[in-house]
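Whatever order the structure lists them in is the order used to number ligands and atoms, beginning at 1. If you're wondering where the values come from, they're calculated on a predicted model, not measured in any experiment.
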Amino acid sequence: MLCLGIETSCDETAVALCRDGRPVLEKLASQIDVHALFGGVVPELASREHLRRMGPLLRALFAASGLTLADVDVIAVARGPGLLGSLLIGLAAAKGLALAAGKPLVGVDHLHAHLLAATLGRDDVAYPALGLLVSGGHTQLTLLRSPLSLTTLGRTLDDAAGEAFDKAAKSLNLPYPGGAYLDVLGQGLEADRDLFPRPYLDNQNLDFSFSGLKTAVATYVAAHPELRLSVMPAVTGPIEAARWPMELRRVCAAVNFAIADTLRVKIERALAGPASGAASLLAAGGVAANSRIRDMLATVAARHGLPLYLPPPALCADNATMIAAAGCRLAAAGLVHDLDLDAVPRGRKVPWDYRPGPPVDSRPFEQ
Ligand code: KG4
Ligand code: ZN
């Protein structure tokens with residue numbers, strides 16, 4: 001089954017093809033340069049960029065793959081949660097293509113797609129799996145009984161882990177989005193691992209709250225104003241840690257430790273509680289590219305004797321391959337939508353409202 005995936009939920013415009021759940025090709029246009037000027041995503045600009053880039057990206061995808069719309073069996077689109085105006089651009093494109101080519105449409109929960117990206121191209125995934133989703137807008141622990149049966153065990157009550165990274169970066173006057181900067185600048189530095197608190201652990205639940213950490217970093221930087229860069233560096237080329245002040249790098253390392261350690265405690269708590277039967281651990285979302293967090297996950301998985309599934313860093317961040325891959329799974333199980341499919345804005349749960357139909361392909365995935 002060939003699935004076209006479309007992703008426009010935030011600041012990446014992306015289209016991709018997957019065949020039977022395996023990546024074929026992706027074309028992605030990042031808007032980071034547009035939004036970095038404002039220190040965060042400007043929703044109105046994001047919608048306009050999606051609108052401007054969608055057509056050329058689709059044309060480039062088909063030209064480079066040697067495939068046409070007629071070869072596509074199903075069209076998958078991220079339906080939320082995300083920026084409403086941005087989602088509507090992707091949905092309009094997907095519906096237009098589905099209608100024009102007479103292909104089934106499947107709306108994909110962006111968060112579901114992130115989690116499944118950890119298992120992309122694998123046939124040997126052990127379920128149930130405990131999944132950690134860490135992105136710019138979400139931090140949550142999910143139990144996956146199968147690729148299509150998910151239960152959320154805990155979620156963030158305020159800032160997500162990605163927001164904590166981005167706001168810490170903002171305190172230091174590092175460019176947006178700051179997660180990758182904090183990651184690279186903090187690498188290899190162990191001394192200040194306990195400089196910042198591990199927020200919201202003094203409870204019994206599996207929820208997260210990173211706003212206290214944001215405040216702790218902002219307060220620390222205010223007390224040490226020499227840490228804050230006087231001029232925000234240009235966002236070009238690779239990040240070379242050695243060129244940055246050591247005092248700044250030590251703060252970055254401390255933020256990585258605080259976030260990784262907070263995530264670790266809640267993962268361990270889940271494995272001792274509602275996920276005690278987990279046969280594997282997986283993580284996904286932009287923050288899952290973080291090297292300290294990947295190390296922490298490897299340690300936890302090894303301690304519990306669980307296989308660990310992580311997407312390659314490029315598939316941690318928003319992309320359309322994960323939407324196409326999830327679309328393959330859903331359509332293969334006969335789960336599709338009608339053309340009245342609606343978008344789901346940020347902060348709302350995406351409903352499981354698929355219209356059961358015949359499987360699109362005769363090669364079903366294992367469930
Ligand atoms: O999944 P994603 O691309 O978009 C959302 O769905 O939100 O996640 C974006 C987030 C941003 O907050 C960004 O700073 C963070 O992922 N991020 C990282 C790293 N790379 C991206 N955070 C920590 N370490 C990284 N290497
Ligand atoms: Zn995302």
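- Look at His114 and you'll find a heavy atom under 4.0 Å from some atom of ligand 1.
- Under the 30°/60° scheme for interplanar angles, the aromatic rings of Phe196 and Tyr220 are found to stand perpendicular.
- Among the atoms of Gly162, some N or O lies under 3.5 angstrom from an N or O of ligand 1.
- Distances between N or O atoms of Gly286 and those of ligand 1 include at least one value under 3.5 Å.
- Residue-to-ligand polar distances keep Glu163 apart from ligand 1: every N/O pair is separated by 3.5 Å or more.
- A distance of 6.0 Å or more separates the ring centres of Tyr176 and His35.
- Nearest residue to atom 6 (O) of ligand 1 from Asn319, Asp318, Ile32 is Asp318 (criterion: closest heavy atom).
- Relative orientation of the His110 and His114 rings is perpendicular, given thresholds of 30° and 60° on the angle between their planes.
- At least one heavy atom of Gly137 sits closer than 4.0 Å to an atom of ligand 1.
- Residue side and main chain included, Cys10 places no N/O/S atom under 2.8 Å of the Zn ion (ligand 2).
- In this structure, the protein non-hydrogen atom closest to atom 15 (C) of ligand 1 is Val287 CG2, 3.9 Å.
- For Asn256 and Asp183, the side-chain atoms include no donor-acceptor pair closer than 3.5 Å.
- Counting just the N/O/S atoms of His110, the one with the shortest distance to the Zn ion (ligand 2) is named NE2.
- Under 3.5 Å, the side chains of Asp159 and Ser211 contain no donor-acceptor pair of N or O atoms.
- In this pair, Tyr181 and Trp244 present their aromatic rings perpendicular. The plane angle is above 60°, beyond the 30 to 60° band.
- Separating the CG atom in Leu45 from the CG atom in Leu83 is a distance of 11.5 Å, to the nearest 0.5 Å.
- In this structure, Glu12 falls outside the shell of residues with a heavy atom less than 4.0 angstrom from ligand 1.
- The Zn ion (ligand 2) is closest to atom OD1 of Asp318 (considering only N, O or S atoms).
- The ligand atoms of ligand 1 that sit less than 4.0 angstrom from a heavy atom of Ala317 are 3 (O).
- Ligand 1 has no N or O atom lying under 3.5 Å from any N or O atom of Pro177, backbone or side chain.
- If you check the side chains of Gln187 and Ser291, you find a donor sitting under 3.5 Å from an acceptor.
- Looking only at protein heavy atoms, the nearest one to atom 10 (C) of ligand 1 is Gly136 N, 3.5 Å.
- Side-chain contact annotation: Ser9 with Glu7, donor-acceptor N/O pair under 3.5 Å present.
- With respect to Arg250 and Glu247, no salt bridge is recorded, no charged nitrogen being found less than 4.0 Å from a carboxylate O.
- In the model, Arg155 has no side-chain atom that pairs as donor or acceptor with a side-chain atom of Thr139 under 3.5 Å.
- Looking only at heavy atoms of the protein, atom 22 (N) of ligand 1 is closest to Gly179 CA, 3.3 Å.
- Within the 4.0 Å heavy-atom criterion, the part of Asp183 lying near ligand 1 is the side chain and not the backbone.
- The ligand atoms of ligand 1 that sit less than 4.0 angstrom from a heavy atom of His110 are 6 (O).
- Under 4.0 angstrom from ligand 1, the non-hydrogen atoms of Asn290 come from both its backbone and its side chain.
- Atom 14 (O) of ligand 1 has as its closest protein heavy atom Asp166 OD1, 2.6 Å.
- Geometrically, Arg292 engages Phe257 in a cation-pi contact, judged by NZ or CZ lying under 6.0 Å from the ring centre and within 45° of the ring axis.
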